[in-house]
Each structure stands twice: as structure tokens, then as C-alpha cells.
Amino acid sequence: MTMTPPPEPTLRLKVDQAALAANWRALNAMSGAKAGSGTPAAGAAVKADCYGLGVDACIPALRDAGCNDFLVAHWSEIASIAAHVPARRLAVLHGPMSDDDCAYARSTGAVPVINSIAQARRWAGNGGGLCHVMIDTGINRLGITPEQISDPAIAALEVDILMSHLASADEDSPANADQLEQFAACRAHITHRRASLANSAGIALGAPYAFDLTRPGIALYGGVPRAEFDGVIAPVARIEAAVIQTRDLKPGDRVGYNGVFMADHAMRSATVSIGYADGFLRARGPGGYLHHGGVDLPILGKVSMDMVVVDVTQAPDIGEGDWLSVPFDLPDAARQSSVSQYELLTVMGQRLRR
């Protein structure tokens, strides 16, 4: 039986691939890459479906811009990315948790990040080969401790990238220099080809933090974790949602759950096809707005799972099927909602990602 193709959705997520590529090139230059050298100094964290923006849209843009090193968290993320770049360019941050993980790494060519003595032994016991090693220098999440760097299981590894992760790079914290000092001291005790410490915010801390490879994430996708990126990083995600219905409100009419908004004058409203199931969280409701033709359309009442209501009194020509822009400048949206830029990206729902 042939099914009729589904109708066009009433939500749009547009990824500005040119802006994404430009962001990577800017971060690559800030990481110390010399123009025309052909040797990139920046990789790309592409975990969580490229921070919610979609592997198929983002990986080709990053690849074609010159990125060679890509990082994910889970082994389950490999297959979709390997459709665009060789799996040997992919690092899996959570490392080999089982023999099955090791077998999958060897069959695909993806490179595990070793985070513990147990993982080092597991990887060696399954044939070993090229790997990366994470040293914990103060974030206390993943990684071997500085005290473990001389363990025979670590010494036996074939290490490409020796890495650590900054805990407070988005702040002017003494912890940054402390971690840098610890990482630099550890490097002399593990044979490796490349070293990597800086995330997006760490790139802005300057050349001492760059080493051979930086690992930007949020800044690639339009996030601004430090003021140094203002005017350098461009927005990448553009979201639009369609009007489902319009209505005229009378004084005293209430809108949405619990009637928290009550009209105090006659006004026109529009119900729009986006809600918290799409990542437009309730925190973005109070004081928030959508856009149409340069006009701000204030949000009325609570954000629902699938809908939000806006005041279109100042845009009386808006009708069913018209598209409204959802503000997605990440720093602005984070300030307005008190939700972090990382969360605003990664909580986008499946309906937008389709």
C-alpha cells in the first residue's frame, strides 16, 4: 500500500550552514591555526545530534570548512556521523565500557577516549590500537587522575590525543590556571601525539590553553560563552512556527492554562504551533515574544506543550498559516529565560529536528 506523503510541518528549523562554517573558521584561527597551512587547530564537538541542530545539516558544513576531528559522547552516535566523515576521525568521550564497545570501535575505526585504568586494560585486552586519554585535572567527571598517569596500563597505550577538560573556562577563575598547570605537568609522563585542553570558552583564554587541538562545541552553533566572542560568533539556528488560529479577545478574557493572562482591553491573538515539547520552554513565556515583519508579538499566558499564544494586535494582517519567527539568538534567549545556552539548543524536540 502506497501512503500519501505527509503534509508540510508547521515548524521549521533552518541551519545556517554558512554561519556554522564561518564560526568554525573563526574558532580555528583563534586556536592558533595559520591561514593557508591546511592544518586545523580546532576540532568540533558534535555530540547530541550536533547540539540539537542535526548531524546531516552540520557535519558536511564543518567537514567542508576544514574540520578533521569530531567528538561524540556515545557509541550510538557514530553511525549517523560516519555517513559524512570517516569514522577514524571520531572520538567517543565515554570510552569503552564493555567488550562490545571495543569490538564496535575496531570494526568502525572510531577512536575511544580512555577514562580509567579499567578502560585502558579493557581496550588492551581487546587488541588495543590508537586511542585518546582523558586526564581529570579538576572537573571530577571522567578521566584518570594525575596520580594514575604512570600506571603500566596507561603507559602501554598508543595515545593520539592526550586531553583534559576545563571546568570554569566561561569565568575568570583561578581554576583555569590551576588546570593548565596540572595538565602541562602530566604531559611529560604519557607518550602522545597531540594535546587538547580548551573547549569553546577555553579558546578565549589564549594561546597557552590551545595546545595542538581545541574542542569547541557551543560556540560553533551560535553560543557566546565569553565576551571575547561577541561580534565573532554568528547565530546558526533559525526557527519558524506557523499560526494555527487567530481570535479576538474581549476585556476579561483569559488565555492559556490557569488563566494567568487576562486581557484588559480588546486585542487580537494568534495561537502558534510551537511549545515546550519542541524545546520552547515555559521559562521563555513571561516577557517573551515572537516576531513577524519586524514587529514584536508578546507571548500571552503560559507556554503549552504544542502551542503558544501571542498578541498580534500590532500585526492585524496575520492569519492562519502565516509563519512567525522564534527568537533564537542564544545569549539573548538565555538572559531572557535564565536557561543556559547549552540547554536551549539541546532540548529542541524531535518535531523540529525533522
Side-chain angles (χ1 to χ4, degrees), residues 13-73 77-78 80-93 111 132 160-161 163 165-166 169-170 194-207 209-238 328-331 341-342 344-346 348:
L13 168 62
K14 298 180 179 180
V15 175
D16 188 334
Q17 293 176 307
L20 175 60
N23 288 346
W24 181 84
R25 287 191 290 267
L27 293 162
N28 189 44
M30 291 178 70
S31 300
K34 300 295 188 293
S37 70
T39 303
V46 295
K47 57 189 178 179
D49 201 23
C50 289
Y51 283 49
L53 297 186
V55 161
D56 294 336
C58 295
I59 299 296
L62 292 166
R63 176 200 64 204
D64 295 348
C67 184
N68 283 334
D69 293 276
F70 302 86
L71 299 102
V72 298
E77 299 178 281
I78 293 296
S80 61
I81 299 172
H84 302 287
V85 297
R88 67 179 181 276
R89 296 188 188 179
L90 308 182
V92 182
L93 292 164
V111 183
H132 310 311
D160 179 4
I161 303 172
M163 62 179 70
H165 194 82
L166 294 166
D170 57 344
R194 296 182 288 171
S196 177
L197 176 63
N199 52 7
S200 289
I203 292 171
L205 296 178
Y209 291 82
F211 292 95
D212 302 301
L213 183 74
T214 62
R215 311 190 306 272
I218 188 68
L220 290 171
Y221 310 108
V224 179
R226 288 185 63 99
E228 290 88 343
F229 295 120
D230 287 337
V232 175
I233 297 301
V236 171
R238 307 184 192 282
F328 212 67
D329 179 275
L330 286 172
Q341 297 178 59
Y342 298 84
L344 288 168
L345 272 175
T346 58
M348 286 191 290

Trainee: Where is the tightest heavy-atom contact between Ala219 and Ile233, given as atom of each residue plus distance?
Mentor: O-CG2, 3.2 Å
Trainee: Kindly compute the distance separating CD1 (Ile81) from CD1 (Ile59), expressed to the nearest 0.5 Å.
Mentor: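 Answer rounded to 0.5 Å: 4.5 Å.
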Trainee: Looking only at heavy atoms, which two atoms of Phe229 and Ala201 are closest? And how far apart?
Mentor: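 Reported closest heavy-atom pair: CE1-CA, 4.2 Å.
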Trainee: What salt bridge (charged side-chain N to carboxylate O under 4.0 Å, His left out) pairs are there with at least one residue in residues 219-232, not counting sequence neighbours?
Mentor: Asp172-Arg226, Arg226-Glu228
Trainee: Leu205 vs Leu166, test: side-chain contact (heavy atoms from CB on, under 4.5 Å). Steps then yes/no.
Mentor: CA-CA 11 Å; Leu205 296 178; Leu166 294 166; 4.1 Å; yes
Trainee: Is the backbone of Ala42 close enough, under 3.5 Å, to the side chain of Trp24 for a donor and an acceptor to pair up by distance?
Mentor: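 Checking the backbone N and O of Ala42 against the side chain of Trp24, a donor-acceptor pair under 3.5 Å is found.
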Trainee: Given side chains that start at C-beta, do those of Phe211 and Met163 come closer than 4.5 Å, heavy atoms only?
Mentor: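 No, every pair of side-chain atoms sits at 4.5 Å or beyond.
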Trainee: Using the side chain to side chain contact (heavy atoms under 4.5 Å, CB included) criterion, which residues pair with Ala26? Sequence neighbours excluded.
Mentor: Val232
Trainee: Would you compute the distance between atom OG1 of Thr346 and atom CG of Leu344 and round it to the nearest 0.5 angstrom?
Mentor: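 Taking OG1 in Thr346 and CG in Leu344, the distance rounds to 8.5 Å.
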Trainee: Please name the pair of heavy atoms, one in Ala61 and one in Ala21, separated by the smallest distance, quoted to 0.1 Å.
Mentor: O-CB, 4.1 Å
Trainee: Report the distance from atom CG of Leu53 to atom CE of Met348, rounding to the nearest 0.5 Å.
Mentor: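 Going from CG on Leu53 over to CE on Met348, the span is 4.5 Å.
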Trainee: Do Cys58 and Val46 pass the side-chain contact (heavy atoms from CB on, under 4.5 Å) test, and can you show the C-alpha distance, the side-chain angles, and the key distance before you say yes or no?
Mentor: CA-CA 8 Å; Cys58 295; Val46 295; over 6 Å; no
Trainee: Please report the shortest heavy-atom distance between Ala73 and Val92, naming the atom on each side.
Mentor: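 Looking at all heavy atoms of both residues, the shortest contact is O-CG1, 3.5 Å.
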Trainee: Where do Val236 and Leu220 come nearest, in terms of heavy atoms and distance?
Mentor: CG2-O, 3.5 Å
Trainee: According to the side-chain hydrogen bond (donor to acceptor under 3.5 Å, both in side chains) rule, which pairs have a member within residues 40-67, sequence neighbours left out?
Mentor: Asp56-His84
Trainee: Hey, does Leu20 have a side-chain heavy atom less than 4.5 Å from the side chain of Leu62?
Mentor: yes
Trainee: Can you pull the side-chain hydrogen bond (donor to acceptor under 3.5 Å, both in side chains) pairs that have at least one residue in residues 210-225, sequence neighbours excluded?
Mentor: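 Passing the test, one end in residues 210-225: Ser31-Thr214, His165-Arg215, Ser196-Arg215.
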Trainee: Can you confirm whether Thr39 sits close enough to Asn68 that some side-chain heavy atom of one is under 4.5 Å from a side-chain heavy atom of the other?
Mentor: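 The answer is no; the side chains never approach within 4.5 Å.
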Trainee: Considering residues at least two apart in sequence or located in another chain, which fulfil the side-chain hydrogen bond (donor to acceptor under 3.5 Å, both in side chains) criterion with Ser200?
Mentor: none
Trainee: Which atoms form the tightest heavy-atom contact between Ala169 and Asn199, and what is the distance?
Mentor: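 Answer, listing the atom of Ala169 first, then Asn199: CB-OD1, 3.6 Å.
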Trainee: Compare all side-chain heavy atoms of Leu345 with those of Phe328 and state whether any distance is below 4.5 angstrom.
Mentor: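 Result yes, sub-4.5 Å side-chain heavy-atom pair found.
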Trainee: Arg194: what forms a salt bridge (Lys or Arg N to Asp or Glu O under 4.0 Å) with it, not counting sequence neighbours?
Mentor: Asp69, Asp160
Trainee: Do Asp16 and Pro235 come within less than 4.5 Å of each other through their side chains, counting heavy atoms only?
Mentor: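 No, side chains not in contact.
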Trainee: Would you mind telling me which of Asp329, Leu330, Asp170 makes a side-chain contact (heavy atoms from CB on, under 4.5 Å) with Gln341?
Mentor: Leu330
